[in-house]
Number of protein chains: 2
Amino acid sequence: MNQTQEQILHYARLFLQSRGYNGFSYRDIARKLDIKNAAIHNYYPKKEDLVATLLEESRKEINANFSRVVESGGGGKEQLQSYFDYTFQDYDNGRRICLPGSVIVYHGELPDKVQEQNLLLIDNIIGWFSRALKTGREQGEFNFSGSVDERADLIAGTLLGIRQLSTLKGRDTLVKTITLIKADLGWID
Amino acid sequence: MNQTQEQILHYARLFLQSRGYNGFSYRDIARKLDIKNAAIHNYYPKKEDLVATLLEESRKEINANFSRVVESGGGGKEQLQSYFDYTFQDYDNGRRICLPGSVIVYHGELPDKVQEQNLLLIDNIIGWFSRALKTGREQGEFNFSGSVDERADLIAGTLLGIRQLSTLKGRDTLVKTITLIKADLGWID
DNA sequence: AAACCTACTTACCTATATATAAGTAACTAT
DNA sequence: ATAGTTACTTATATATAGGTAAGTAGGTTT
């Protein structure tokens, strides 16, 4: 992967997470890199290829992160915290909403390839949340109501939403709402 | 307001809440009503006029609903429940994501008029949540951690997110996560 | 030195979005 | 009867999106 290709992915992700699937074009990326539209088609023949790649790479990255924490013996709190850290990092990198959130608005209208990868990404994240919650509950780190799976959905939905809300209300809102998510888990630092 | 005009608003809202701001066009609406594109421009010269109208009307409707509940002496639970009811109704009307959520993805890139109305709508909703939470906490209906305003942001963000997540995971997920939101408020029916 | 590959550009196509202007048919008020 | 209004249509403009085909400059291989 050469520098141009890396830069394409970099800006594609930035635009995608700022404006959603239908909110950016190859032109936007081309202009940033001072190349022509068609150069991007050279690497990613279709927009769906580009976006599916981003989703797939993100899934791999997230899975690698969680795996690392789990394998190093991290408990439920450490596992979840690693995702909260990732969220703040993502936000601080200028990505205003989360990656699955930028695609989900159009889900159903998008190419199969993209839908498929977004589903995989979301299922993976929620799967890791479930495992973290299960571990944490068993080890007495958490004390929450509802089943592990329901709680995982709630956390996923909440993170999705507060990233979008933070677009209007700023980083402080993101910090404070994540603190409340923890409080609701019976999480004591 | 004639029938055509009402139908334009009806489909505009349906499309907006299914596909987001950049996910539908005047053409989509025109086709549904079997009229021409330009007929819609007759009523709403620009897309921003159409969407700003939808946001404004929704705000009025929501304010009227909350006001009614508050004035009829409803406590915090009844106030919040009226919004949850509204959410389910909205979902069951085929509107897959919430109205502010359909716009927020593009916030910052949209016409001022639209940004302004969406901010007003969201601030209004969160304002009502805060009042409901304050009332409910004072009257011992709720028992939650964090400030009333932080909790209102959390609920708003969560509802935003779970509506979008329900796009993938169905109505059941919406029901269960709203149940958990209540549990986290210390809400006992 | 010839052939080939890489990383693009040039040129073009088709479809669509967001409008605007001008016209018209049917109804409405005076 | 005429003037105005309502509810559109027709025709057109401009910009952009997504995509393809063919060409080319410069480096790499044989």
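All chains are named by letter (A, B, ...) in the order of the sequence lines, taking the proteins before the strands, and each is independently numbered beginning at 1. The analysis underlying the following values was restricted to heavy atoms, covering all of them including side chains, and did not include hydrogens, waters or symmetry mates.
Looking only at side-chain heavy atoms (C-beta outward), Gln17(A) and Arg163(A) come within less than 4.5 Å of each other. Between Tyr91(A) and Asn93(A) the shortest side-chain heavy-atom distance does not fall below 4.5 Å. Contact check for Thr173(B) versus Ile162(B): no side-chain heavy atoms found under the 4.5 Å cut-off. At least one side-chain heavy atom of Leu50(A) sits less than 4.5 Å from a side-chain heavy atom of Leu9(A). The closest side-chain heavy-atom distance from Trp128(A) to Asn65(A) is not below 4.5 Å.
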Could you go through nucleotides 15-17 of chain C and list every protein N or O atom that sits under 3.5 Å from one of its N or O atoms, giving the distance for each pair?
from, atom 1, to, atom 2, distance (Å)
dT16(C), O5', Arg27(B), NH1, 3.1
dA17(C), OP1, Ser25(B), OG, 3.1

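One end of the helix from dA1(C)-dT30(D) to dT30(C)-dA1(D) points its axis 0° away from the other end's axis, with each axis taken from 5 pairs and the angle rounded to 10°.
When heavy atoms are screened at a 4.0 angstrom cut-off, Asn37(B) is found touching base atoms of the nucleic acid.
Linking Ile, Leu, Val, Met, Phe, Trp and Tyr residues whenever their side-chain heavy atoms come within less than 4.5 Å places Tyr83(B) and Val175(B) in a single cluster.
Between Lys46(B) atom NZ and dA21(C) atom P the separation is 11 Å, expressed in whole Å. Protein atom CG of Asn2(A) is 5 Å distant from nucleotide atom P of dA7(C), rounded to whole Å. In this structure, CG of Asn22(A) is placed 12 Å from C1' of dG18(D), rounded to the nearest angstrom. Straight-line distance from the CG atom of Asp49(A) to the C1' atom of dT20(D): 14 Å, rounded to whole Å. The distance between atom CD1 of Ile35(A) and atom C1' of dT6(C), rounded to the nearest whole Å, is 14 Å. One atom, CG of Asn42(B), and another, P of dT20(C), lie 12 Å apart when rounded to the nearest Å. dA7(C) atom P lies 12 Å from atom OH of Tyr44(A), rounded to whole Å. Spacing between atom NE2 of His41(A) and atom C1' of dC12(C) amounts to 13 Å, rounded to whole angstrom units.
Here Tyr43(B) does not reach the OP1 or OP2 of dT6(D): none of its side-chain N or O atoms lies under 4.0 Å away. Residue Thr4(A) has no polar side-chain atom (N or O) positioned under 4.0 Å from OP1 or OP2 of dA7(C).
Taking the ring centre of Phe144(B) as origin, the terminal cationic atom of Arg137(B) falls inside the region bounded by 6.0 Å and 45° from the ring axis.
Salt bridge status for Arg19(A) with Glu109(B): present, with a side-chain N to carboxylate O gap under 4.0 Å. Ion pairing of Asp90(B) with Arg13(B) is present here, as a side-chain N (NZ or NE/NH1/NH2) and a carboxylate O approach within less than 4.0 Å.
Out of dA19(C), dC8(D), dT9(C), the shortest distance to the side chain of Ala39(B) is found at dC8(D). Distances were taken from every side-chain heavy atom of Ala38(A) (C-beta onward) to each of dT9(D), dA7(D), dA21(D); the shortest belongs to dA21(D). Among the nucleotides dG19(D), dT9(C), dA7(C), the one closest to any side-chain atom of Lys36(A) is dT9(C).
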